[in-house]
Amino acid sequence: MTPEPECPSCRAAQDDPTTPLFHSGCLECQARMLANSPAFFQAKKAGYITSVYNAALVPVFGTEVIAGNKRVKDWARRIEQARQLKRGQG
């Protein structure tokens, strides 16, 4: 999970992973967006890559679904940590 330095949304996400800024052509932005998706939440709750989540991963990561899922999970972890800090629970 390395934010793209030339992407302004990734630069914003470095400081605040909860930023609502995304660029559709940026792989890291797409991974961060998936980390906030209902499909990821459902898969996380189920404990495996569900068919709905897989259908969201494939257009972004192609055959690299497992590596893509890791990127999404890394972003989800960072986002949750940032939210906890904002709530004063960090």
Side-chain angles (χ1 to χ4, degrees):
M1 174 194 68
T2 305
E4 299 296 326
E6 66 276 356
C7 175
S9 298
C10 281
R11 285 195 303 272
Q14 280 292 95
D15 294 331
D16 180 8
T18 66
T19 181
L21 303 175
F22 299 94
H23 276 85
S24 63
C26 175
L27 189 62
E28 288 303 319
C29 282
Q30 291 177 1
R32 191 164 41 87
M33 189 178 297
L34 283 171
N36 285 299
S37 72
F40 173 72
F41 177 77
Q42 183 182 46
K44 182 178 175 183
K45 187 175 177 181
Y48 61 91
I49 296 175
T50 62
S51 59
V52 171
Y53 179 49
N54 189 67
L57 287 168
V58 169
V60 177
F61 299 106
T63 60
E64 301 296 321
V65 168
I66 301 301
N69 179 54
K70 183 185 179 321
R71 283 175 121 150
V72 172
K73 287 169 50 175
D74 287 345
W75 275 113
R77 180 185 46 75
R78 288 191 63 205
I79 290 166
E80 184 54 32
Q81 288 172 345
R83 286 180 179 152
Q84 287 177 357
L85 283 173
K86 286 180 177 183
R87 290 189 297 245
Q89 299 173 357

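Here the structure is a predicted model, which is why all the values come from computation and not from measurement.
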**Student:** I want to check something: taking the side chain as every heavy atom from C-beta on, are C26 and C10 in contact at a cut-off of under 4.5 Å?
**Tutor:** yes

**Student:** Between N36 and T18, is a side chain to side chain contact (heavy atoms under 4.5 Å, CB included) present by the stated rule, with each step listed?
**Tutor:** CA-CA 9 Å; N36 285 299; T18 66; over 6 Å; no

**Student:** Can you see which heavy atom on S9 is nearest to which on H23, and at what distance?
**Tutor:** OG-ND1, 2.7 Å

**Student:** D16 side chain to A12 main-chain N or O, any donor-acceptor pair under 3.5 Å?
**Tutor:** no

**Student:** Would you say V65 and L34 are hydrophobically clustered, going by side-chain heavy atoms of ILVMFWY under 4.5 Å?
**Tutor:** yes

**Student:** Might you point out which heavy atoms bring A35 and F40 nearest each other, and give the distance in Å?
**Tutor:** O-CD2, 3.5 Å

**Student:** For T19, does its backbone N or O pair with a side-chain atom of R32 as donor and acceptor, under 3.5 Å?
**Tutor:**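 Present.
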
**Student:** State, to 0.1 Å, how close A46 and T50 come at their nearest heavy-atom pair, and which atoms those are.
**Tutor:**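 Of all heavy-atom pairs spanning A46 and T50, the closest is CB-CG2, 4.1 Å.
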
**Student:** Identify whether the distance between the nearest side-chain nitrogen and carboxylate oxygen of R87 and E80 falls below 4.0 Å.
**Tutor:** yes

**Student:** Taking a hydrophobic cluster as the set of Ile, Leu, Val, Met, Phe, Trp and Tyr residues connected by side-chain heavy atoms closer than 4.5 Å, whether directly or through intermediates, do L57 and I66 fall within one such cluster?
**Tutor:** yes

**Student:** Is there a chain of hydrophobic side chains (I, L, V, M, F, W, Y, each step under 4.5 Å between heavy atoms) that links I79 to L21?
**Tutor:**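 I79 and L21: separate clusters.
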
**Student:** Could you pull out the closest heavy-atom pair between W75 and A31, with the gap in Å?
**Tutor:**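 Looking at all heavy atoms of both residues, the closest pair is CD1-CB, 3.9 Å.
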
**Student:** Side-chain contact, heavy-atom cut-off 4.5 Å: V60 with M33?
**Tutor:**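 SC-SC contact between V60 and M33 ruled out.
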
**Student:** Run the salt-bridge test on R78 and D74 with the 4.0 Å N-O cut-off and return the result as yes or no.
**Tutor:** no

**Student:** Any chain of hydrophobic side-chain contacts (each under 4.5 Å) joining L27 to V58?
**Tutor:**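 Both belong to a single hydrophobic cluster.
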
**Student:** Checking side chain to side chain contact (heavy atoms under 4.5 Å, CB included) for the pair Y53/N69: CA distance, chi angles, key distance, verdict?
**Tutor:** CA-CA 9 Å; Y53 179 49; N69 179 54; 2.8 Å; yes

**Student:** Hey, could you give me the NZ/OG distance between K44 and S37, rounded to the nearest 0.5 Å?
**Tutor:**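 K44 atom NZ to S37 atom OG measures 11.5 Å (nearest 0.5 Å).
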
